[in-house]
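Contents: one structure, followed by commentary.
Labels below follow one simple rule: chain letters A, B, ... track the order of the sequence lines, proteins then strands, and each chain is numbered from 1.
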Amino acid sequence: MAVCIAVIAKENYPLYIRSLPTQNELKFHYTVHTSLDVVEEKISAVGKSVGDQRELYLGLLYPTEDYKVYGYVTNSKVKFVIVVDSSNTSLRDNEIRSMFRKLHNSFTDVMCNPFHNPGDTIQSKTFDGIVSGMMVPPG
Amino acid sequence: MADEAPFQFLHNEVLQYIYKSAENGETDNGRNIAKLENMGFRVGQGLMERLTKDTARFKDELDIMKFVCKDFWTCVFKKQIDNLRTNHQGIYVLQDNKFRLLSQLSAGKQYLEQAPKYLAFTCGLVRGALSNLGVKSIVTAEVSVMPACVSDHKMIRKIFS
């Protein structure tokens, strides 16, 4: 269960950020912003084995004392960032991967929506629903 | 094969609609072509997003062009590009010998001037697909119809900025 989910466009501005309302949202915005550097580094890693470069899932970006940040980049250079609670150790890699897959599918649906302009913030209710399903339930 | 025909018919109707609804007396070819191209652009972006959902990340431009030639063209036109040429300096020429959207027009010289209208949407499609992958490009298309044979030649030249 995620604590914060963010979708960042190719030009590195946020298309969608959602975090738990009980917490300090600015902190998460900052965490996501700093994780972008790590994402860039992973994407442009030269000299890594070919296998790593071809994957969309970037894995654990960096752990902080409270949270772990995972990243995923699409072929259109849109980045997904998921922040999970460090204390939640039962979340396995596969589950994170499947969360990203669901996000990617939902994002593709948003992109194909003719009423959505690429580059605008994501307003879709369906997307909101998918994200809510992945976040820790409030309260 | 059934889903090829609806797309062709729809495309032709869209073309007719745009030209009919242009301002009276103003056969502003440029504007209509631009409208078609922009439609294609948006469709290309969405289509590319869907198609690349499961593929691995692309290594370089050539990889992207090959993807366009094979998977993308197959998805839209049910066939692959027949010939891809490049000068390795950013110009790629894609050749399709039997372009679906033109195959219904007669093979002689009769409709040669009308042919560019049919290419505008596809140019936009390719441009949108490429821009979604982060490649800025200019896509142009040419038709030179062979008089005696059925195939239509379509060449797209891309200039990367």
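- Within a 6.0 Å sphere centred on OH of B/Y17, heavy atoms belonging to other residues, nucleotides or ligands number 12 at most.
- Residues of residues 37-49 of chain B placed with any heavy atom under 4.5 Å of a heavy atom in chain A are listed by number as B/R42, B/Q45, B/G46, B/E49.
- Tracing side-chain contacts under 4.5 Å through hydrophobic residues (I, L, V, M, F, W, Y), one reaches B/V14 starting from B/V126; they form part of the same cluster.
- Shortest non-hydrogen contact noted between B/L133 and A/N75 is CD2-O, 3.6 Å.
- In the hydrophobic cluster analysis, where Ile, Leu, Val, Met, Phe, Trp and Tyr join through side-chain heavy atoms closer than 4.5 angstrom, B/L119 is grouped together with B/L15.
- In terms of hydrophobic clustering, with Ile, Leu, Val, Met, Phe, Trp and Tyr side chains grouped at heavy-atom distances under 4.5 Å, A/M134 and A/L60 are assigned to a common cluster.
- For B/F7, the CZ atom counts as densely surrounded, since its 6.0 Å shell holds more than 12 non-hydrogen atoms of other residues, nucleotides or ligands.
- Between B/N132 and A/M111 there is a side-chain heavy-atom pair separated by less than 4.5 Å.
- For A/D109, the parts lying under 4.5 angstrom from a heavy atom of chain B are both the backbone and the side chain.
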Determine, step by step, whether A/T74 and B/K53 satisfy the side-chain contact (heavy atoms from CB on, under 4.5 Å) criterion, reporting the C-alpha distance in whole Å, the side-chain angles of both residues, the deciding distance to 0.1 Å, and the verdict. CA-CA 7 Å; A/T74 68; B/K53 197 158 53 109; over 6 Å; no
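- Around the NZ atom of A/K27, the shell of radius 6.0 Å holds more than 12 heavy atoms that belong to other residues, nucleotides or ligands.
- Residues passing the ring-ring contact (aromatic ring centres under 6.0 Å, His included) test with B/H11 are B/F121, sequence neighbours excluded.
- Cluster annotation: A/I17 and A/L20 are assigned to distinct hydrophobic clusters (Ile/Leu/Val/Met/Phe/Trp/Tyr, side-chain heavy-atom contacts under 4.5 Å, transitive).
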